[in-house]
Protein chains: 2
Amino acid sequence: MALHDRIRTEIEGQILSGTLQPGDKVPSELELMAHYGCSRMTVSKALTALSGAGLLQRRKRAGTVVAPRPTETMVLDVPDLAVEIARRGQAYRFQLIGRDIRPPRPEDELDEGLARAGLLLFVRGVHSADDEPIAYEERFISLTAVPEITEADFSVESPGSWLLRHIPWTEAENRIGAVGAHPDWAARLNIAPGTACLSIERKTWRGDERITLVRQKFVAGSFELVARFGAA
Amino acid sequence: MALHDRIRTEIEGQILSGTLQPGDKVPSELELMAHYGCSRMTVSKALTALSGAGLLQRRKRAGTVVAPRPTETMVLDVPDLAVEIARRGQAYRFQLIGRDIRPPRPEDELDEGLARAGLLLFVRGVHSADDEPIAYEERFISLTAVPEITEADFSVESPGSWLLRHIPWTEAENRIGAVGAHPDWAARLNIAPGTACLSIERKTWRGDERITLVRQKFVAGSFELVARFGAA
DNA sequence: CAGTGGTCTAGACCACTGA
DNA sequence: CAGTGGTCTAGACCACTGA
């Protein structure tokens, strides 16, 4: 283990164990140099890493203190559905229901970014695993941002997988909730209207440019999101 | 902007724009030193940061290459419910339904870590906003890990807020899905059995020690999780 | 204005590993 | 075995900012 890793780990341990409380002052770089008998670059590397992880706050002249509270942010796995289903050992299929090129409409309830994007590709379809439908999807794609998608064949590949391969997003926002199945698409999933479904709405960007908005409804029990935080 | 930041940003830009494709070789540290006219520590700082962010993979002798695909991990905000509701300007309340100290039972469907933890505090209750119930919660807390929680007053503060204040977790795992309301608790939420609910199961650890398992059911529409990725 | 962190240099030795 | 990254040193100059 490198020395800078050892320094980082020891200070991290004192924070997690509560020996160092939020607001407590951490020794200055000079003091840590003396304590560990190393150069300033080495302690700086450890402290910079802890600061980047949100455990420390550093201010010139004032020194380094333990950050108020570890931010409760988590890592959420949002896998490509096709990949995830294949990983379960099931046969993935995307069944296209409809595909239109048209301007945005008020009832689409789009965000500003897409509503102003000009022509959209509107795609609807069903994701299935071993021929069992598990999710209904409605997707809007900005043709300004992705003109070449008009050539894509969605009987071979889902729109999501196609986009991931051709123009991976750099920013995304997901909204996750629950919803009773709507009559318009309940039949597509072989469920009764009102049945509980997991609802995911995802917006993606590439830099400043809006790419796509997708709304997916998963049959309850068919799909779970997992979010982990920490060393695991 | 520091030089190492500029180097990092330029390489990052080439990856995000597609100029550098996954698998492509990035110039070696020596080449970058010559290109930017700086020392090796400076280019190393930039490359180490990009490697830590998952955009580059570095191997000795083989050099540095663009990573296969930016990992699709997202930052998920999992706020304290009390804080979140207060932020909306609503009055938060936790109504305790039951509180027992007992050993684990098979029907609890606990994970190994808690099932072996010895005595548990089992708490049930309802979270409400402006006296409207929005979530039902069942929680198991390891008394081995948190003996002092027997003194807590859950008419003042929810078990979740109490735990956050007293022994914040260091690791957590969330499972997020949808479920139809069960007759046992549907009435607590003033909804009909079978109504769609968002289901969150969260396990937390403090270091190696299992702390709590909580299962929450949110009335559809009352609560959304938001996950963001990228610069936003 | 003195202490702190932010950044950078010009070296060094080493471990790894693929040509 | 030669090129690469991983780590570290002993300095340096600077910007910031709170005592």
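Given the structure is predicted, the values throughout are model-derived calculations rather than measurements. Below, read A as the first sequence line, B as the second, and so on, with proteins coming before strands; counting in each chain starts at 1.
- Of the two residues contacting DNA chain D, namely A:Cys38 and B:Thr48, the nearest-nucleotide position lying further toward the 5' end is that of B:Thr48.
- In this structure, the CD atom of B:Glu29 is 14 Å from the C1' atom of D:dC8, given to the nearest Å.
- Atom pair B:Lys25:NZ and D:dG5:C1' shows a separation of 11 Å (rounding to whole Å applied).
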B/S/- contact track for nucleotides 11-19 of chain C, protein heavy atom under 4.0 Å: -B--BBBBS

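- Pair assignment for C:dT7 gives D:dA12, based on Watson-Crick or G-U wobble hydrogen-bonding distances that are each under 3.5 Å.
- Distance B:Tyr36 OH to C:dT9 C1': 18 Å, rounded to the nearest Å.
- Protein atom CD1 of B:Ile7 is 13 Å distant from nucleotide atom P of C:dT7, rounded to whole Å.
- Under 4.0 Å is where a charged nitrogen must lie from a carboxylate oxygen, and between B:Glu10 and B:Arg8 no such pair does.
- Among the protein residues, A:Thr64 comes within range of the sugar-phosphate backbone only, with heavy atoms under 4.0 Å from sugar or phosphate atoms but none that close to a base.
- Between the CE atom of A:Met33 and the P atom of D:dT9 there is a distance of 9 Å, rounded to whole Å.
- Nearest to the side chain of B:Leu30, among D:dT4, C:dT7, D:dT7, sits D:dT4.
- For B:His4, the listed nucleotide lying nearest its side chain is C:dT7; candidates were C:dG5, D:dT7, C:dT7.
- OP1 or OP2 of C:dT9 lies within a sub-4.0 Å distance of a side-chain N or O belonging to B:Thr42.
- A:Phe122 is not listed as a side-chain neighbour of A:Arg139, based on a closest heavy-atom distance of 4.5 Å or more.
- For A:Glu157 and A:Arg165, the salt-bridge test passes: some basic side-chain N is under 4.0 Å from an acidic carboxylate O.
- For B:Asp111 and B:Arg210, the salt-bridge test passes: some basic side-chain N is under 4.0 Å from an acidic carboxylate O.
- Look at A:Lys217 and A:Glu137 and you find no salt bridge, because none of the NZ, NE, NH1 or NH2 atoms lies under 4.0 Å from a carboxylate O.
- Using modelled atom types, one finds no donor on one side chain facing an acceptor on the other under 3.5 Å when comparing A:Gln90 with A:Tyr92.
- If you check D:dG18 for Watson-Crick or wobble pairing at under 3.5 angstrom, you find it paired to C:dC1.
- Here the C1' atom of nucleotide D:dT4 and the CG atom of B:Leu47 are 12 Å apart, to the nearest Å.
- Under the 30°/60° scheme for interplanar angles, the aromatic rings of B:Phe154 and B:Phe94 are found to stand perpendicular.
- Here the P atom of nucleotide C:dG5 and the CG atom of A:Leu50 are 13 Å apart, to the nearest Å.
- What separates CG of B:Leu32 from P of D:dG3 is a distance of 17 Å, to the nearest Å.
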